[in-house]
Structures are given as C-alpha cells and as structure tokens.
Protein chains: 2
Amino acid sequence: MGGDRVTNTDGDTAPGDDASKRPNRRGNRRPTMEDVAARVGVSRALVSVVFRDAPGASPQTRARVLRAAEEIGYRPDVAARTLASSRSRVLGVMLTVHNAFHADLVEAVYTEAELVGYDVLLSAHARTRHTEKAVGALLGHRCEALILLGPETTTDFLGEVVERVPVVSVGPRFPGVHVDTVRTAEGRATRQALDHLGGLGHRDITHLDGGTGAGSAERRRAYRDWMRRRGLADRVRVLPGDHTESSGAEAAHRLLAEGRVPTALFASNDRSAIGFLDAITRAGVRVPEDISLVGFDDIPLARLAHIQLTTVRQDVQGLARAAVRAAIDRLASPDLPPRVSVLEPELVVRGTTAAPRAAGTC
Amino acid sequence: MGGDRVTNTDGDTAPGDDASKRPNRRGNRRPTMEDVAARVGVSRALVSVVFRDAPGASPQTRARVLRAAEEIGYRPDVAARTLASSRSRVLGVMLTVHNAFHADLVEAVYTEAELVGYDVLLSAHARTRHTEKAVGALLGHRCEALILLGPETTTDFLGEVVERVPVVSVGPRFPGVHVDTVRTAEGRATRQALDHLGGLGHRDITHLDGGTGAGSAERRRAYRDWMRRRGLADRVRVLPGDHTESSGAEAAHRLLAEGRVPTALFASNDRSAIGFLDAITRAGVRVPEDISLVGFDDIPLARLAHIQLTTVRQDVQGLARAAVRAAIDRLASPDLPPRVSVLEPELVVRGTTAAPRAAGTC
DNA sequence: GCGCTCTACTAGAGCGCTCTAGTCTGAGCA
DNA sequence: TGCTCAGACTAGAGCGCTCTAGTAGAGCGC
C-alpha cells in the first residue's frame with residue numbers, strides 16, 4: 001500500500017535494443033499487465049478488459065493497448081488468469097501416444113476446441129505411465145473437462161474423477177458412471193464391412209480380434225451375430241489379437257501354419273489388418289485374389305497407394321466435435337443425464353477386397 | 001481483517017457420504033489449503049510446508065495434514081502454486097503427433113522429467129497447427145523450459161522464444177540462436193549403415209532422401225561423402241522423399257519403372273524404408289535377396305517379425321535424458337554458451353540386409 | 001436546471017498458493 | 001534465574017490476473 005508500484009521499464013531506456021539481443025533475459029521478469037497499463041497510461045483493469053475481449057473499452061484504447069503489449073512482448077499468464085477467474089478454459093485430453101488414430105483425433109480436437117475458445121492440454125498414457133497418472137496431471141492443471149481417448153481404466157477410478165470434473169470417453173462406455181460417451185456405431189460399422197464381403201460372395205469370413213482395445217468387444221459381438229444370422233455359425237472363427245501390427249502378422253502365420261486360410265478376414269483395426277496384409281503377402285498369398293481383407297479406423301496408412309486397405313472409416317472430425325461439445329454442454333449443465341453420441345461409420349472400399357475365386361472354398 | 005474466513009465444510013456434516021455420491025460436485029468448490037488447515041487446526045503456511053516437503057513441520061503434524069488432505073480430497077492447485085512461486089516445475093514438449101519416433105521420445109521424456117521433479121506438458125504440431133501456435137500454448141502455461149522435437153521453424157522465431165525461456169532442440173541445429181541441441185551423430189550413423197552395406201559387398205547403393213525432415217540433410221551429406229570416398233561417386237543417387245511411408249512406396253515404383261534397381265537402398269528413416277519395403281516386395285522384388293534395405297530410427301514397427309528392418313537405432317532414452325538435463329542445466333545457469341549433445345547411434349542388423357547376389361550389378 | 005442513461009474507465013478485493021520474517025515454546029546451560 | 005537457541009509454527013505480503021462496484025463525464029429529454 002505504501003507508494004506507487006514501480007514498473008519494470010528500467011528507467012526510460014527503450015526495452016527493445018540491447019536487452020532483447022542477449023539470450024535468456026529472464027533477469028528482466030516477464031512483462032505483466034501492469035507494465036502494459038503503465039506504458040499506455042491506463043489502469044490494469046482496462047488492459048484486462050482488452051485482453052478478455054470484454055466490452056468497456058473504446059476502439060482507440062483497445063488498439064493502443066494491443067500495440068503497447070506487442071511492443072513489450074506481453075502475453076497473458078495462464079496461471080494468474082486461471083486463478084483469478086477460476087476458469088482455465090482448458091480441455092484436457094488423454095491419449096495413447098503410440099496410437100495413430102488418437103493422433104488424428106487430437107488434431108481434430110484442437111480445431112474444435114479452438115472454435116469454442118478452449119485451449120487443449122495433452123497428457124499421454126504410455127507403457128510407463130498409467131491412466132491414473134495422466135489424468136492426475138490434467139486435473140492438477142485445472143482442466144475444466146477431460147476427454148479420454150479410448151481409456152482403459154476402472155469404473156471406480158472414473159467415478160472418482162467425474163466427481164471433480166466432467167469426463168467424456170471417446171470409445172469405451174462406462175455404465176453406471178456419470179460420463180458422457182462418444183463413439184462410432186461399432187455394430188453398424190461391422191455389419192457394413194461384413195455386408196460388403198457377403199455381397200462379394202464371401203461366406204468363409206474370419207475375424208481378427210482386438211482384445212481389450214476400444215470397440216473390439218462390440219465388433220466381435222456384431223461379427224458373431226452377423227455370421228449366425230446368415231446361417232454361417234459353423235464358419236465363425238475369431239483369431240486372438242490386440243490392435244497391433246504384430247498381432248496381425250501372427251494371425252497370418254497362424255492361418256498359414258494351419259493351412260486353413262479363409263476367403264476373407266475382417267480385422268478389428270487397421271494396424272492389425274496391415275500387419276496381416278504384410279505377412280500374408282510375403283508368404284505369397286495374394287490380396288485380394290486369394291483373400292479379401294477389411295480393416296477398421298481408416299488411419300492414414302490405410303490410404304497409401306501400396307496398401308489401399310478397404311476399411312471402415314470412423315468419423316474423426318465428428319467424434320472430436322461431439323466430444324468437445326459434450327464437454328462444453330456438461331460444463332454448462334452438470335446435471336444432465338449422461339449422454340451417448342453415436343456416430344455413423346462409413347465403409348471405404350479400396351483394393352483389398354474382391355469376390356472370392358471359387359464359391360464355397362474350404 | 002473482518003472476521004474469520006468460513007471454510008467449506010458445510011456445517012458439521014461429514015463431507016464423505018452424501019456429497020461424494022452425486023456426480024459433478026462442482027457446486028462445492030474444490031478444497032483448498034485453507035480447508036485442510038482448518039480441519040487439522042494449523043495454519044495455511046504449515047500445510048504448505050508439508051505439501052512442499054519443506055523442513056519445519058513435525059512428523060506427527062505432517063501425518064495429520066496428509067491424512068486430512070486425503071480425507072477431503074485436497075490436491076494442490078498448479079496455477080496458484082505457479083503464480084506464487086513463479087516456478088511452474090513444468091517442462092513443455094512440442095511434438096509432431098503423427099510421428100512414432102516422437103512418441104518414443106515423449107515416453108522417455110516423461111520418465112526423465114519425473115526424476116528431476118518436473119511435470120511435462122505436451123503440445124502438438126500438426127497439419128493445422130503450426131510450431132508457433134504449439135509453442136505459444138506452452139509459453140502461456142509458463143513452462144520453465146521447452147523441448148522441441150524435430151522443430152521445423154525459423155531462426156527468427158526461435159530467437160524470440162529463447163529470449164523468454166530456455167529451449168532445447170532435439171534434432172535440428174540452429175546456429176546463431178541460443179538454443180541447446182541434442183542429436184544423434186547423424187554422420188556416424190550414416191557411415192555405420194553404409195559400412196555395413198559396403199562390408200556385405202554392396203557398391204550400388206541408392207539413398208532415399210528425407211527432404212526437410214530432421215537429420216536428413218546430414219544423412220544425405222554423409223551418404224555423398226561416403227560414396228565419394230569409396231570411389232563410388234558415379235553410383236551416387238538420391239531419390240526424393242520426405243520421411244513418410246508413401247514417399248518410400250513412390251521411390252520403389254520409380255525404381256521399378258526405370259528398371260534400374262540398385263543392390264541396396266539406404267533410407268533416411270524407417271517410415272519411408274517400410275513404405276519402400278512394402279511396395280517393392282509386392283512387385284515381386286525380394287528383400288534382402290534382390291535388394292538390401294537399411295532404415296533409420298528403429299521405430300517399434302521396424303522390430304516386427306514380418307518386417308525385421310535393419311536400421312540405425314537412435315538412443316531414445318539417451319536423447320530424452322540429455323534434453324531434460326540440458327533444460328535443467330540451463331535453468332540453473334542461463335548464461336552458459338549453447339551446448340550440443342551428440343549421442344551415439346547403434347546399427348541394428350536384422351533381416352533386410354544381405355550380400356548382393358552378383359557383384360557389380362547394374 | 002434536473003435526473004437519467006450510457007460509455008469509458010478505475011479501485012480494490014480476491015483467486016490459492018509460496019515464502020520471508022517473524023513469534024512462541026521448551027530444552028540446555030551457566 | 002536469566003540467557004541462548006533450535007524447532008515448530010504463524011502472519012501477512014505478494015504472484016498476475018479477474019471482476020464487482022463504483023466514478024466521471026457526455027448526451028438527452030423535459
């Protein structure tokens with residue numbers, strides 16, 4: 001309270017020339033609103049108004065403030081802003097860093113979040129870093145809501161998290177927990193893929209499983225249902241797998257070793273499909289002539305000229321948009337019942353599917 | 001200062017039962033240090049001492065504070081902590097979200113950062129989100145230092161950034177800017193790969209370029225030098241590429257179209273090597289019988305049973321450690337001259353390399 | 001002239017922490 | 001008894017913002 005506050009314009013010397021040339025001027029503390037205000041000759045509050053884009057400043061003043069800020073290199077401090085407003089305007093996203101589909105999603109989430117004026121913080125789930133830790137970090141940074149991409153965690157843990165912050169799960173459903181879910185219509189997607197194969201004349205269709213991966217349970221179930229309904233219950237075959245390239249390659253070797261290669265394979269995701277494709281091709285089995293192959297996700301790799309994988313595209317942009325919207329909506333009205341957004345898949349027919357060579361192989 | 005502060009223990013009801021059962025209790029504000037202090041009957045400052053692990057609290061008090069915090073679900077607020085201490089203890093990492101090598105690095109950085117007591121914030125560089133934006137976000141969150149993975153940006157921009165915060169570049173060098181660099185000995189790595197091929201008897205070695213990708217300039221140069229020194233200047237051939245699978249596949253098609261397939265190909269990274277491998281194999285060219293192939297990076301895909309790519313491994317753990325250390329060291333002494341850490345590569349011989357079928361093909 | 005509204009701006013109290021400069025207590029010692 | 005001193009703890013001033021409540025002055029109708 002005693003005396004005026006001294007701003008850091010170091011006497012009257014222009015802060016541009018000498019100072020800015022030398023590295024790491026962290027000796028000079030980073031400029032604050034106070035500095036901008038002093039330079040323009042207005043109050044701190046008015047600078048705040050300008051930076052929040054709030055009404056209450058004349059266009060001229062606005063321009064002067066912005067220019068002064070630019071000149072001294074001012075940039076609002078997120079921490080202070082968060083603390084003061086008790087709103088961080090940050091969305092936390094947990095992803096698996098090795099997942100190409102997540103990469104696509106993250107990119108789309110950035111775009112969507114920007115539209116609604118939110119910043120995005122990423123936290124990775126990795127071999128050495130569990131969901132709990134990744135989520136903890138986001139929580140500490142006061143994310144207003146969390147978007148979890150394909151979370152593999154317990155209902156209990158999620159129950160705790162959701163007491164502090166809205167959570168959107170992209171993929172897995174958590175019945176009984178107050179979590180919004182955004183997902184692709186897995187059943188419909190699977191049927192699209194199988195209808196396509198069936199339409200080409202395939203009856204001997206094997207499924208390459210995705211283990212505990214997001215969506216695999218639904219895909220597996222839908223496969224079984226479809227086969228049964230077509231009277232192909234005896235042809236049902238589910239190969240173990242886990243959404244990685246190597247599990248696809250293993251599946252190929254297993255089929256080759258057994259000498260019982262089906263006319264078509266429906267893989268639980270693109271990565272395993274590509275692993276399968278690679279291994280089976282090397283063994284001299286031609287795709288699609290000898291075996292048709294359908295993946296799931298439509299990751300960038302699937303589109304490559306030399307892969308041309310027929311697959312079911314998930315609506316990445318749509319999933320991202322729905323996830324961000326769900327988070328924002330729940331922020332606005334926390335007491336809505338949990339909502340599930342189901343997005344339409346789209347079959348993308350490329351080069352790995354064709355009619356079987358002879359009807360009724362096996 | 002006008003009466004005691006009222007804490008949020010809502011009368012005397014235990015905060016456990018009813019409240020915690022209903023979703024989104026954001027109506028009750030999140031507990032603060034004040035709440036913990038009130039519950040234990042000590043001052044806020046003492047709770048702070050406990051949570052900072054600072055000396056000055058008796059073991060008994062420490063335990064009581066910790067227990068009380070646990071009971072009411074207290075978790076320190078990063079924003080407030082950052083603001084008060086003007087230290088965020090956060091390292092910002094910029095990565096390209098579609099890059100498998102970056103994924104490996106991020107994982108290692110998490111581990112290393114934890115060892116030195118730092119949190120990690122990720123910000124992605126993507127098609128729709130430039131380096132400038134990704135860095136801006138990290139800056140706003142007050143990261144104490146930035147680690148940029150394979151940054152593709154201008155010296156000017158980096159010059160500005162480095163005035164506010166220490167920057168470590170993993171990969172590219174930025175001469176004239178006060179940036180620490182951590183990188184693999186690209187030249188040595190390239191020579192290892194080429195010595196291996198040369199040792200097997202290859203003379204007709206083509207290079208698949210990496211364009212503007214991290215490290216490609218050095219790899220290209222080292223390739224040219226090596227060939228020249230071996231008197232193979234006339235065999236020098238650099239195919240255009242850009243570190244993606246599709247550029248590898250294109251290169252394969254180009255070679256096939258020209259009918260001039262070398263006995264060996266040294267690719268600028270694993271992704272393009274795998275694209276090449278896939279496309280050339282499909283065309284009936286056998287690897288390694290007809291052509292040997294060496295990649296660069298040793299991404300997880302390279303290890304797969306059906307790929308078995310011979311490649312040069314970058315020391316991911318070492319790069320991550322060096323990057324984190326560089327950041328911490330510079331935080332401690334900002335005026336040190338820029339430092340370059342060069343890590344040793346390691347050739348990993350797998351299944352894609354063998355002696356050429358006949359000496360002197362072409 | 002008066003009251004009224006509207007725009008442009010300011011004062012100052014927090015937000016939830018950290019951290020310096022204390023105070024208070026009891027043990028140790030002459 | 002008085003003194004020092006270490007250990008345990010507290011008071012209170014920030015950190016850089018936001019935001020409510022307020023002021024000053026212009027414009028306007030009557």
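Labels below follow one simple rule: chain letters A, B, ... track the order of the sequence lines, proteins then strands, and each chain is numbered from 1.
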Practice item. Please report, rounded to the nearest Å, how far the P atom of C/dT7 is from the CG atom of A/Leu46. Key: 15 Å
**Study point:** Whole-Å distance separating the CZ atom of A/Arg64 from the C1' atom of C/dC9
**Key:**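 Going from CZ in A/Arg64 over to C1' in C/dC9 covers 12 Å.
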Check your understanding: Which residues pass the ring-ring contact (aromatic ring centres under 6.0 Å, His included) test with A/Phe174, sequence neighbours left out?
Key -> none
Review point. Residues two or more places apart in sequence or in another chain: which of them pass ring-ring contact (aromatic ring centres under 6.0 Å, His included) with A/Tyr118?
Key: none
Review point. If you look only at pairs with a residue in residues 83-92 of chain A, which of them pass as a salt bridge (charged side-chain N to carboxylate O under 4.0 Å, His left out), with sequence neighbours excluded?
Key: A/Arg87-A/Glu144
**Study point:** the helix from C/dG1-D/dC30 to C/dA30-D/dT1: angle between end helix axes, five pairs per end, rounded to 10 degrees
**Key:**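 Here the helix ends are tilted 50° relative to one another.
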Would you tabulate the pairs of protein nitrogen or oxygen atoms and nucleotide nitrogen or oxygen atoms of nucleotides 17-26 of chain C closer than 3.5 angstrom?
| unit_1 | atom_1 | unit_2 | atom_2 | d |
| --- | --- | --- | --- | --- |
| C/dC17 | OP1 | B/Tyr74 | OH | 3.0 |
| C/dC17 | OP2 | B/Met33 | N | 2.9 |
| C/dC17 | O5' | B/Tyr74 | OH | 3.2 |
| C/dC17 | N4 | B/Arg44 | NH2 | 3.0 |
| C/dT18 | OP1 | B/Arg81 | NE | 2.7 |
| C/dT18 | OP1 | B/Arg81 | NH2 | 3.4 |
| C/dT18 | OP2 | B/Ser48 | OG | 2.5 |
| C/dT18 | O4 | B/Arg44 | NH2 | 2.8 |
| C/dC19 | OP2 | B/Arg52 | NH1 | 3.2 |

Practice item. Could you pull out all residues at least two apart from A/Arg321 that satisfy salt bridge (charged side-chain N to carboxylate O under 4.0 Å, His left out)? Key: A/Glu112
Practice item. List in chain and number order the residues that pass salt bridge (charged side-chain N to carboxylate O under 4.0 Å, His left out) with A/Glu114, two or more places apart in sequence or in another chain; answer none if no residue qualifies. Key: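 Here the qualifying residues are B/Lys133.
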Exercise for review: Would you classify B/Arg142 as touching base, sugar-phosphate or nothing, given that sugar-phosphate means primed atoms plus P, OP1 and OP2, and contacts are heavy atoms under 4.0 Å?
Suggested key: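 Sugar-phosphate: the residue B/Arg142, judged by heavy atoms under 4.0 Å, touches backbone atoms but no base.
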Check your understanding: Base, sugar-phosphate, or nothing for A/Ser86, non-hydrogen atoms under 4.0 angstrom?
Key -> nothing
Review point. Got a second to check how far A/Arg67's CZ is from A/Arg39's CZ, nearest 0.5 Å?
Key: 9.5 Å
Practice item. Indicate whether OP1 or OP2 belonging to D/dC9 is found under 4.0 Å from a side-chain N or O atom of B/Thr61. Key: yes
Practice item. Determine which pairs satisfy ring pair (Phe, Tyr, Trp, His ring centres under 6.0 Å) with at least one residue from residues 36-70 of chain B, sequence neighbours left out, and list them in order. Key: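 Listed by first then second residue: B/Phe51-B/Tyr74.
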Exercise for review: Could I get the full list of side chain to side chain donor-acceptor pair (under 3.5 Å) partners for A/Ser48, not counting sequence neighbours?
Suggested key: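 Counting only residues at least two positions away or on another chain, A/Ser48 forms a side chain to side chain donor-acceptor pair (under 3.5 Å) with A/Arg52.
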